[in-house]
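Below you'll find the structure, written out as structure tokens, and then a few comments.
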Amino acid sequence: AEESSNAVADVCEPAVTGIELKKAPDAKECRMSEAPDLTGLSVEATFENGTSKDVSDEVYCYIQDKKIGANTVKVVYDDKETSFNIDVVADKCSYKVSYEDEYGDKIADQTTGKAEAGTKVIIVSPEIKGYTPVNEKNEFTVGMDSEFTVSYGTVPKKDIADTNVSVGTVGPYDGSQKKPSVTVEY
């Protein structure tokens, strides 16, 4: 008699013990508005059983607190990390400025400008009739998503009870039409 066995084996990949940067990417710089070009990046993972494999296409790379100049690119695989350096250069970016009241309603036409990515621009709040700017000067950092909002509050209306109305006389009636002078003071 023949006996057969249907056994199922659990195949687990061994745990990662470390990763090594074998080769940094070919590009040594990137623009502020772009992610680093990872062409040429080579990363090798080592496992607890002593084996290793190329994981270059499986890594996650990011720059934390990106700024103009020298930056560190973090390279992550599983829970292991390594890094390489890259220079970030400024590039011209367009930005838009919207003017809104405290309810988020548009109160003036949008304006645009250009500046180098990563630089700070100061927008002086223009005078808009019937509104008071929340801040006279608004500081923004130009980057990939460069849409800024300058906020305004409405000018409080004055109570009519606080007004002084005076009517000036124009002389005695002589049969012709006369317009009185009216002055309203708050």
Side-chain angles (χ1 to χ4, degrees), residues 13-47 51-155:
E13 194 169 294
V16 177
T17 57
I19 62 173
E20 180 183 352
L21 180 69
K22 291 294 198 179
K23 181 181 174 295
D26 300 333
K28 302 299 181 216
E29 68 179 32
C30 70
R31 297 198 171 281
M32 184 69 179
S33 62
E34 300 172 342
D37 179 358
L38 301 177
T39 304
L41 175 70
S42 178
V43 180
E44 184 176 89
T46 306
F47 299 90
T51 62
S52 60
K53 75 172 187 176
D54 183 287
V55 292
S56 303
D57 294 333
E58 302 172 50
V59 296
Y60 171 70
C61 297
Y62 68 96
I63 300 175
Q64 189 170 355
D65 301 324
K66 193 176 193 182
K67 62 189 181 307
I68 304 296
N71 286 261
T72 301
V73 178
K74 302 284 185 173
V75 180
V76 181
Y77 177 76
D78 199 30
D79 65 344
K80 305 301 181 217
E81 189 176 289
T82 188
S83 63
F84 63 90
N85 294 325
I86 193 164
D87 285 324
V88 176
V89 295
D91 55 347
K92 288 279 187 184
C93 289
S94 295
Y95 62 89
K96 298 176 186 177
V97 181
S98 298
Y99 303 93
E100 297 178 354
D101 65 13
E102 67 263 34
Y103 307 107
D105 294 328
K106 176 183 161 187
I107 59 173
D109 290 336
Q110 191 175 63
T111 58
T112 60
K114 284 192 177 225
E116 288 186 348
T119 59
K120 292 184 188 300
V121 294
I122 296 176
I123 308 293
V124 176
S125 299
E127 186 176 321
I128 300 175
K129 189 173 182 172
Y131 296 92
T132 304
V134 172
N135 298 308
E136 288 295 325
K137 291 183 179 179
N138 304 274
E139 187 174 295
F140 302 106
T141 302
V142 178
M144 287 173 51
D145 292 325
S146 294
E147 292 194 26
F148 312 123
T149 302
V150 175
S151 299
Y152 287 76
T154 53
V155 174

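To the nearest 0.5 Å, atom OH of residue Tyr77 and atom OG of residue Ser56 are 11.0 Å apart. Put simply, CG on Leu21 and OG on Ser83 are 8.0 Å apart, with the number rounded to the nearest 0.5 Å. The CG atom of Asp54 lies 7.5 Å from the CD atom of Glu44; values are rounded to the nearest 0.5 Å. Once rounded to the nearest 0.5 Å, the distance linking CG of Asn135 with CD1 of Ile122 reads 12.0 Å. We find the CD1-OG distance between Ile19 and Ser52 to be 13.0 Å, quoted to the nearest 0.5 Å. Between Met32 atom CE and Lys92 atom NZ the span is 15.0 Å, to the nearest 0.5 Å.
Looking at heavy atoms from C-beta onward, Thr112 lies out of side-chain contact with Ser94 at the 4.5 angstrom threshold. The shortest side-chain heavy-atom distance between Val59 and Leu41 falls under the 4.5 Å cut-off.
Within the structure, every pair that satisfies the salt bridge (charged side-chain N to carboxylate O under 4.0 Å, His left out) test and touches residues 74-83, not counting sequence neighbours, is listed here: Lys74-Glu81. Counting only residues at least two apart or in different chains, ring-ring contact (aromatic ring centres under 6.0 Å, His included) contacts with residues 88-134 comprise Tyr95-Phe148.
Contact detail for Cys30 and Ala35: the closest heavy-atom pair is CB-O, 4.2 Å. Taking all atoms of both residues into account, the shortest heavy-atom contact from Val142 to Glu116 is CB-O, 3.9 Å. Looking at every heavy atom in both residues, Gly153 comes nearest to Glu102 through CA-OE1, 3.2 Å. Counting all heavy atoms, side chain and backbone alike, Phe47 lies closest to Pro14 at CD2-O, 3.2 Å. The two residues Asp37 and Pro25 have their closest heavy-atom pair at O-CB, 3.4 Å.
Annotation: salt bridge (Lys or Arg N to Asp or Glu O under 4.0 Å) contacts of Glu20 (sequence neighbours excluded): Lys22. Residues passing the salt bridge (Lys or Arg N to Asp or Glu O under 4.0 Å) test with Lys28, sequence neighbours excluded: none. Under the rule for a side-chain hydrogen bond (donor to acceptor under 3.5 Å, both in side chains), the partners of Ser98 that lie at least two apart in sequence or sit in another chain are Gln110. Residues passing the side-chain hydrogen bond (donor to acceptor under 3.5 Å, both in side chains) test with Asp87: none are found, sequence neighbours excluded.
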Practice problem: Kindly indicate, with the supporting measurements, whether the criterion side-chain contact (heavy atoms from CB on, under 4.5 Å) is fulfilled by Ile123 and Phe140. | Solution: CA-CA 8 Å; Ile123 308 293; Phe140 302 106; 3.8 Å; yes
Practice problem: Go through the steps to decide whether Val150 and Tyr152 satisfy the test side-chain contact (heavy atoms from CB on, under 4.5 Å), and finish with yes or no. | Solution: CA-CA 7 Å; Val150 175; Tyr152 287 76; 3.6 Å; yes
Quiz item: Given Val89 and Asp91, is the side-chain contact (heavy atoms from CB on, under 4.5 Å) satisfied, shown in steps?
Solution: CA-CA 7 Å; Val89 295; Asp91 55 347; over 6 Å; no
Quiz prompt | side-chain contact (heavy atoms from CB on, under 4.5 Å) assessment of Val88 paired with Lys66 | solution = CA-CA 8 Å; Val88 176; Lys66 193 176 193 182; 4.1 Å; yes
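Exactly one residue among Ile63, Asn85, Asp65 makes a side-chain contact (heavy atoms from CB on, under 4.5 Å) with Thr72. That residue is Asn85.
More than 12 heavy atoms of other residues, nucleotides or ligands lie within 6.0 Å of NZ in Lys23, so this atom counts as buried by the packing criterion. Within a 6.0 Å sphere centred on CG of Asp26, other residues, nucleotides and ligands contribute more than 12 heavy atoms.
With 3.5 Å as the limit, one finds a donor-acceptor pair spanning the side chains of Ser125 and Asn138.
Side chain of Asn71 to main chain of Gly69: a donor-acceptor pair is present (N/O by atom type, distance under 3.5 Å, no hydrogens or angles).
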